Every structure is written in C-alpha cells, then in structure tokens.
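Predicted model only: the values in this text are computed from it and were never measured. Just so it is clear: chains get the letters A, B, ... in the order the sequence lines come, proteins before strands, and each one is counted from 1.
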Amino acid sequence: MSDGRRAGFVLGIETSARTGGAALLHDGAPIAEATLPPGLVHGRSIVAALHGLFADAGVAPSALARVAVNAGPGSHTGLRVGLIAAKAIAWSLGCPVAGVDANHALAAQATPSPDADRPVATAIDARASGVFCGLFDGDDWAIAPALRAPDRFAASLAPGTRVIGTGAARVVDTADALTADALTAGDETEATIRAATIAALGARLDATTPAALRATYFR
Amino acid sequence: MRVLGIDTSCDETAVAIVDDGVRIRSNIVASQTAVHEAFAGVVPELASRAHLDAFLPILERALEEASCTMDDVDAIAVTNTPGLVGALLVGLTAAKTLAWLHDKPLVAVNHVEAHLYAARLDEDGPVDPVVGLIASGGHTCLMRADGPTAIELIGSTIDDAAGEAFDKAAAMLGLGFPGGKAIDDAARDGDPTRFDFPRTLLARDSLDFSFSGLKTAVLYAAKGPNARRRAPLLADVRVEDVAASFQRAVVDVLIEKLDRAVRRERPRSVVIGGGVAANRELRARATEWASGTGVALHVPPIALCVDNAAMIAGLGYHHAVAGNVADLELDADPTPIRR
C-alpha cells in the first residue's frame, strides 16, 4: 500500500495487565488483532507479536499514521514494555504516538447498560495500594482517575453504579459490607482492556512526540 | 561492521556505536545517580522509570555523535542478562523493536562478559588467555577468556558484590551515594590499619568471594554492636579510618583471589573491569602486584570500567560475526552470575 498514511492505519498496544495484545485499525475498523500469551511475559512476546500482526495483515509498518498505547495505570513493568515499544516504533517511523488512560479505555469498552444514563465507574486492581479508579459520566470524568482505597471509592459512588475492571469486585464488596448500598460489578470480559480499544481511542486523542510520551503510575 | 550497543541493566541508560569491535564512534551514558542518591542505593522501580524516559534522547545523541543514522548500523547488540529485570526489559524491548523495524540482526550480550571485553576496546588490548576480575555494584567474579566470546566463569561472589559492599559501607558512614568514590576519597585521609576487618578468603583454593561479614564488621565499627537499638557512635571513631580499613580489606581480598586465579590458569594477560576498577587503591595495588607476576595488566579507562554500551557493542560485534543472532522473542534474564 503506497499511501498508507493517508489511508489511516493505527496500531494499538496493550500490555498493562496479564492479558495483553496488539491491534491494527484501518480508518477506525479493526483489521487484525493479536493476543499475547497469558501472564506478565509481554517483554518476551510483544515485538514478535507486532511483527506477526503486520505480516498477517499484509501491511508494512511504514504505513502507520499513528501509534496508540495504554499509558497506565497498570502493571508498571508491563506498561513500560508497551510504552518503549510504542516510542521506538513512532521514533523509527516518524509518526505521532498517543498515550491512552487505562480507565478511559475500560469505560470506552463498557457494555451499554439498559439505563444509558447510568454512569460507569472503573476500578483496576492495584493490590495493597488499592484501586486505580475513576467515574466516567457521558463524555467526561465525574471523578478523575486516581489511586484510592476501595472503600473510599465505593463511598463516593451513587447506589446502582456499575463498576468494571479487575478491581470492581473489591469496590462492590466493600460497598456491600459498609453501606449495603448496591453497586454492581461488570463481567470479566469487560475487565480486560483490548488493544483495539486502545487503538480506537488513541486515533482521536491528542498525540505527542515519542520522546515526550510518559507513563501514568499514580504511585 | 558497525554495531549499535544498548545497556539498561542497572542505573545507567547507555547507547554506543562501535565499528568492528574496537573503534568507538560514540559512547553516551545517562547517569541516574541523582535519582538514587537519597536512597543510598539503586531503587529498581525508579531505575526502570528513568530508562523509559531517557532512552530515545540518548539514542539520538549516540547516532548524532557518531554522525550516522539507523541505515548505517549493521547490527544491534543489547544486554539481556544479568541485571534488574524491569530495567533490562526497557533496553531489550527497544532493541528488538529497532531490529525488527530497521531489519537489523539482533545480538544478545551478557553484561558481565562485556565488562571483561572492555579492555579489548583498546587496540593494544589483552592477549589470550586472559584472566579477568570483574567487580561492580551488582557483580564480582573471576573469568578466564580464550577469545572475546570463549569465556569461562571460574569464581563468583556467594553473597554481596564488592561494589555493593562499598555502597553499604558508605551509607553506614554517612558518606553518600555512590559509595565507591565516597569511600575512595575518605580513605585518602584515613589509617588503613586502624581496624582489622575480616578478609574472607573461603577455602585455600577457592576463587569465590564473600563480603557480607566485612559489611557487618564495618557496621559494628561505625555504630557499635547494638547498632539496631542505639544511636550512631560515629563520633567515637574517625570515618576516614573506617573507610580506609574497609577499602584495604576489600582490595586485599580482590588481589589475593586474582593471584590465586593467575597461579591456576597461567594467563598471558590480566584484566580488571567493572565500576570497582575505578578505585585508586585497587589500581595501584594491582599494578604493583602485576609487576611481580610477569603478566600484562589491562585496566580500561574509567569511562569503560563503569556501565557503558561501547563494551556491549564491542562484544556484540564478535557474536554477530560468529552468527550468534537472537530472535524477537529474546527474553531478559536477571539471574546473577554465579558459578
């Protein structure tokens, strides 16, 4: 494809949790997706997976218009693997790169609820540190992404709020024990951030230069 | 053959470009000393963060200083072992990505073997067989080399690395980080015979090292045997004397083990490398010792003793020539070098 940049290929990279992957979008539509082997072994597998992704799709990496990557929060080592790969790709190809907030990605791929107006809370398990969490309401954050204790986050949510992400059960369980105000947890499939979601969000967010791209750690 | 070398194994982000294993076109190192200073030691998480942010600017500087582009590079060599795993993964993933996109062979390099190679970056470098003492903050070992890539480990530390002992001793004495230079400077005004610190030599023929007992002895000398419960007693001793006595003990052990290795392996050349090789007493004592043994001593300049990527690119050249090329699933192996 000689004019790939105009055609709009966007690469998405997700390495923030145990299930990682890469996806290639063309004009907003997924055309190829690779899932990394389970476990935090993305350092071994991500570059080989990217090589295979482009080969299988029959697309030259030089056709990329943009690279998108989950910039966190999440597993620190996992994030850095994805971020350094994204930086090196964007630097090599001279294209922009967009860092996507992990909570934003979770909210964006939430299954539409029967009550479309109901806000979606996101919670990513940060183990002893609590949860990386936020509350997405329509087009903006009602509670900006931050690291919080599950009970404190639960107390800030209205009854009936649906919570999605790997830390959702911790937030919902805490709310049940403390206040009996019902929160509902999303299902497990919603808790896994997909590389295609990263690519789709990254295609429309502000991009930066590869050297300026930074991780979001929150701790 | 022009090789791009990358090293992010510990707390230095390093990129270099070396031609044919010997001609250094650029050798750029971003030090993280300021990041770790407040903790009196390397904090792995902070090291990894700093590598991520520093890598591309350092890569660009290395290419610019070498007056070349990625098109002019023939192979990419990267440290994949040993080191801090999170730190290693930053440089390794960058190297694999560059190798894939620029269609260059990828070469895996052992960081400690590269320290031994550093002496060969000098065209009048060592003649094989070589016995090498590598002592740094993460590693202390003895190796025999019958060629740049024909390396055998013949001794290693069973607990702490020598450089780690320098860092810990400096912290106990309130001398700051990194400890190597701080101890070296303080020791110049101290009495090396004031404290009779232990020299752990292990079995008569052992080429292994142990520095944990020495570390404890320094703690007792500096703060008393009840150091965990009592305030520091440093006012009662001269810090310079403790530093000098500690340094003398470390150097005595390193020279004794080197002497044992030379008597056993009968090399033509001896190399001392790693960050501890910057120590002035070790350099002076090793020079004096070598003059009595008849072997040629090679100690690289300090910029090539500390962590750098020129040594990675240099050794990587020989692996590339030998066809030792890695694939894109090359993994990081943090396992310390042990016999």
Taking A211(A), P210(A), A49(A), S92(A) one by one, which has the highest count of heavy-atom pairs under 4.5 Å against chain B?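 Top count of heavy-atom pairs under 4.5 Å with chain B: S92(A).
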What option among L213(A), L50(A), L79(A) has the most heavy-atom pairs under 4.5 Å with chain B?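 Heavy-atom pairs under 4.5 Å are most numerous for L50(A).
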Would you call the rings of H51(A) and W100(B) parallel, tilted or perpendicular, where under 30° means parallel and over 60° means perpendicular? perpendicular
Top of D327(B), V90(B), L88(B) for chain A proximity - count of heavy-atom pairs under 4.5 angstrom: V90(B)
Which of L59(B), L330(B), V85(B) touches chain A most, by non-hydrogen pairs under 4.5 Å: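 Answer, by heavy-atom pair count under 4.5 Å with chain A: L59(B).
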Need one label for A332(B): side chain, backbone, both or neither, based on atoms under 4.5 Å from any heavy atom in chain A.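 Interface part for A332(B): neither.
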Whatever's closer than 4.5 Å to a heavy atom in chain A on L328(B) counts as both
Gap separating the [atom1] atom of [X] from the [atom2] atom of [Y], nearest 0.5 angstrom:
X      : Y       : atom1 : atom2 : answer
L89(B) : T77(A)  : CG    : OG1   : 7.0 Å
W91(A) : T97(B)  : CH2   : OG1   : 11.5 Å
L92(B) : R44(A)  : CG    : CZ    : 11.5 Å
I46(A) : E329(B) : CD1   : CD    : 11.5 Å

Look at atom [atom1] of [X] and say whether more than 12 heavy atoms of other residues, nucleotides or ligands are closer to it than 6.0 Å.
X       : atom1 : value
R61(B)  : CZ    : no
E64(B)  : CD    : no
D103(B) : CG    : no
E60(B)  : CD    : yes

Donor-acceptor under 3.5 Å (K96(B) side chain, A85(A) main chain):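 Not at all, since once roles are kept as given, no pair shorter than 3.5 Å links the two residues.
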How about H51(B) and I84(A): do any of their side-chain heavy atoms sit closer than 4.5 Å?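 A side-chain contact under 4.5 Å is absent here.
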Of all the heavy-atom pairs spanning P61(A) and L101(B), show the shortest one and how long it is. CB-CD2, 3.5 Å
Measure across R219(A) and R49(B) and return the closest heavy-atom pair with its distance rounded to 0.1 Å.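 Between these two residues, the closest heavy atoms are O-NH2, 2.6 Å.
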